[in-house]
Amino acid sequence: MLWHPARTKTLCPIQRCRACGEAASFQVTLQGRYLCTRKISSALFTSSVVRVQTFEHLLSGLNEQQRQAVTTLDGPVLVIAGAGSGKTRVLTTRVAYLIANGIPPERILAMTFTNKAADELRQRLAVLCDPWSARRVWAGTFHSIFARLLRRNAELLGYSPNFTIYDDDDSLSLIRRLLKEQNIPPKELSPNSVRSVISRAKNELVYPDDYAAQTQTPRQQRIATIYHLYQRALRRADAMDFDDLLLNMIDLLEHSEEVLQLYQNLFAYIHVDEYQDTNKAQYHVIKLLGSEHRNVFAVGDDAQSIYSWRGARIENIFEFQRDFPEHRLVRLEQNYRSTQVILDAANALITNNPEQIPKQLWTAVRGGEPIRVASYWDETDEATGIVREIERLRQAGLLQQWSDAAILYRINAQSQVLEDAFRRADIPYRIIGGISFYKRKEIKDALAYLRLLVNPSDDEAFLRIINEPPRGLGQATIEHLRLWAAHHEVPLLAAAARATEISAIARPKQAVLTGLARLIATAAEKTTAPLAEAIHHYLEQTGLLSYYTAQATEEALDRYENIARLIADIAEYAAAQELNQQTPSLEEYLQRVSLLTSADETSDSDAVLLMTLHAAKGLEFPVVVIAGLVEGLLPLIRATTTDRDRQEERRLFYVGITRAKERLMLTYPRNRSTFGLVQGTLPSSFLAELPLELLDADRPEDFAPRRSEQLSRGLSPSPAPSNGRPARYRTGMRILHPSFGEGIITGIEGHGDNTKLHVRFSTGGTKILMAGYAPIQVLST
DNA sequence: CTACATGTAATTTTT
DNA sequence: TTACATGTAG
Ligand SMILES: Nc1ncnc2c1ncn2[C@@H]1O[C@H](COP(=O)(O)OP(=O)(O)OP(=O)(O)O)[C@@H](O)[C@H]1O
């Protein structure tokens, strides 16, 4: 495995850029892997007393186990440890330690879960080492790092370096289009389910041909066809979806031995945070990159694995142990985040998951405030109660700043009521994630116009804007254009430019199309104008801006403002780039935007934070409120819920609890209004899994297990989870459904969570309802 | 081709 | 309750 600088030069622009940096130290380390690393580090240790002190300084904030993890430089290291035990701190310090040991920062790879976490890593490194080194480390999410690497090597895979990244919406509308072309009505095969099947397949490394080969049902065969067409369409549009970023990275590395060696050598040290939530494809890349030098450092907690629905595999932990048998396993046992009370509650909860790796966790913070469990009449009440409690804490001086408090919930929809309550109380709040700025319609439209400048083959973008603002181009015109484009195998934009050749389209519309194409082509030409200005001008030309200003409704004005904000954002980006002496480019901006994670949206205003439990992973707050502890919501129970899902819900709750440093409050409403119909709820069964003596509950009798149950729970380590659905259905039962009205059960199909009910409604129709999901009320047996 | 009206079904979590 | 999709009238 020798280094070939000459050959790599053409493949990897990083090497060329680096030439202006510190060539000397670079060359020394380039020769080999661990041998040279050790040589360098030992040389530094012996030659410089000052440096040794620096290392001590780095290690001073760590306990013995943490030090071991940090200072094990060579070979694989796996850190498996509970919440708040300092895993992220260990990872950060270790990167700093490597740099202090003379490892060039650009040879260190660190995969984080969000871009924000990567930024924080760099900020820490800037303090621990120096800002210049911090900036050179390869830190980011799997997706964003892979996107960068893929751009550099795009041609090798048959893409252009400016390939577009399709987000969920783009994929979905593409799939919709393909279904239509195949004459499959969305009712028979929902675009959403096709997308999720394809995505799941990709996460499992199942390619279209593999998938087609293993189809069993006609439905799967249809999906296989769509999957195939979908990949072809993506390629033609010079686009990748999120999953492709991972798959194509694998392709790239397996494509040529040379490229593989290049990156195996470049990334001499590989780090993965939140390792429990990596999927098969991600692990595959880790293995490809790390199998030679074996310097792979992974930290994680199986009890915090909450993304299995996205293909994450806890099994990757065990596979790591198998594939890197010589690894050093480090366990961290001291929790530095939470009080004893909070930690005890979390530990008690998680023991209900029999499959979790057992972990000891202790904290030096004795005692702590009991966990408040508050009950409210309904969700509005609940939100008001939470806000009042936050206000009370603030007044009592127990909340230094608003942002020391976070409200967590299971689904985004829950934020609405909370938002209203905060607004009423006039307390600053901020929603993390949810419908982000970049997902708004007008922003996506504007971005679609921009995408076309960078990638003229981007058909999804073109279809998005072809009649936005309205230009009188409707279904018929679009259909003709599409047929012609398909026939001539050119992108839609190119077809539009040649619209005069399409006789099926009326003259006036041809002119509109060519005009639009010319406008885009002109804007795509290089200008000397500053980026944001040029874009502003372009968006004005498209008519998008005037479309909104002309309407003068409040909504339209809002949209106009949002686009203005987008332009301001671009200007800000450009300024930041120039500050770093880098040229801003639209390409880079668009890539950044498409790879934003929900945690990334920054703002320094002091506000109470509202986010989903998923979004809270890795964060910590002095005060945490978890809202909506209602059976069916947390744990979320759907028709398809399995026991494994239930365990994941429990882990999700575990993640939530362990975000709290000092105070934890859990709330539930006794009634929930769904579609305007009020329904009684049961408190989450998870509440009964928390030791009662740690709680300060309004109505413990609502959820606490009865004495006899408590005894039996104590005896059997893994109680069979009750599935929290008290209603048992029988044929002949009379039931009430909020939208269908009264009906009689005429048949029952399947069992457990898959129970389907055949119900004949008094209104005449017969429906098949999912017993676990449908909001059914039993009237009589 | 667009705009409006009516009916329908629906609520996970996100890179 | 709302959001979206489909159908119909202009
Ligand atoms: N040795 C230590 N001494 C003091 N504080 C520490 C130490 N190690 C970690 N901490 C602090 O403990 C808190 C939790 O650390 P960190 O976020 O790294 O834990 P984690 O294991 O990554 O947590 P999680 O898995 O819950 O995300 C942080 O505030 C961190 O600064």
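So that the names make sense, note that chain A is the first sequence line, chain B the second, and so on, each numbered from 1.
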Between B/dT2 atom P and A/Glu468 atom CD, what is the distance in whole Å?
11 Å
Whole angstrom value for the distance that separates P of B/dT14 from CE of A/Met611:
11 Å
Under 4.0 Å between any heavy atoms, over every strand shown, what does A/Ser144 touch: base, sugar-phosphate, or nothing? Just pick one.
nothing
Just call it for A/Asn467: base, sugar-phosphate, or nothing, with non-hydrogen atoms closer than 4.0 Å on any strand.
sugar-phosphate
Identify whether any heavy atom of A/Asp168 sits under 4.0 Å from a base atom; if not, whether one sits that close to sugar-phosphate; answer base, sugar-phosphate or nothing.
base
Taking 4.0 Å as the cut-off, does a side-chain nitrogen or oxygen of A/Asn412 come that near to OP1 or OP2 on B/dT14?
yes
Using the ring-ring contact (aromatic ring centres under 6.0 Å, His included) criterion, which residues pair with A/His480? Sequence neighbours excluded.
none
When the nearest nucleotide of DNA chain B is assigned to A/Ile478 and to A/Tyr307 on a heavy-atom basis, which residue is associated with the more 5' position?
A/Ile478
For A/Glu649 and A/Gln647, test the side chains for any donor-to-acceptor distance below 3.5 angstrom and give the result as yes or no.
no
Can you tell me the distance, in whole Å, between the CD atom of A/Gln282 and the C1' atom of B/dT15?
8 Å
Against the side chain of A/Leu636, the closest entry in B/dT14, B/dT15, B/dT12 is B/dT12
When we call it a touch if two heavy atoms are under 4.0 Å apart, what does A/Leu473 touch: a base, just sugar-phosphate, or nothing?
sugar-phosphate
Considering only atom P, compute the distance from B/dT13 to C/dC4 and round it to an integer number of Å.
15 Å
What is the separation between atom CD on A/Gln591 and atom C1' on B/dT15, rounded to the nearest whole Å?
13 Å
According to the interplanar angle, ranging from 0 to 90°, do the rings of A/Trp309 and A/Tyr307 count as parallel (below 30°), tilted (30 to 60°) or perpendicular (above 60°)?
tilted
Return yes if a side-chain donor-acceptor contact under 3.5 Å exists between A/Arg313 and A/Asn316, otherwise no.
yes
Will you find, in the side chains of A/Asp569 and A/Tyr589, an N or O donor that is under 3.5 Å from an N or O acceptor?
yes
From CG of A/Leu150 across to P of B/dT15 the rounded distance in Å is 19 Å
Between A/Thr642 and A/Asp645: side-chain donor-acceptor atoms closer than 3.5 Å:
yes
Counting side-chain heavy atoms from CB outward, which of B/dC1, B/dT15, B/dT13 is closest to A/Ala476?
B/dC1
Is the NZ or CZ atom of A/Arg592 positioned over A/Tyr573's six-membered ring, under 6.0 angstrom from the centre and within 45° of the axis?
no
Rounded off to whole Å, could you give me the CZ-to-P distance for the A/Arg592 and B/dT15 pair?
17 Å
Contact class for A/Lys509 vs. all strands (heavy atom < 4.0 Å): base, sugar-phosphate, or nothing?
sugar-phosphate
For A/Ile637 and B/dT12, give me the distance from atom CD1 to atom P, rounded to whole Å.
13 Å
Between the side chains of A/Glu274 and A/Thr112, is a donor N or O closer than 3.5 angstrom to an acceptor N or O?
no
What nitrogen or oxygen pairs link the protein and nucleotides 4-9 of chain C at under 3.5 Å?
none

What is the distance, rounded to the nearest whole Å, between atom CG of A/Leu633 and atom C1' of B/dT12?
9 Å
Candidate nucleotides B/dT14, B/dC1, B/dT13, ranked by approach to the side chain of A/Thr477 - the nearest:
B/dC1
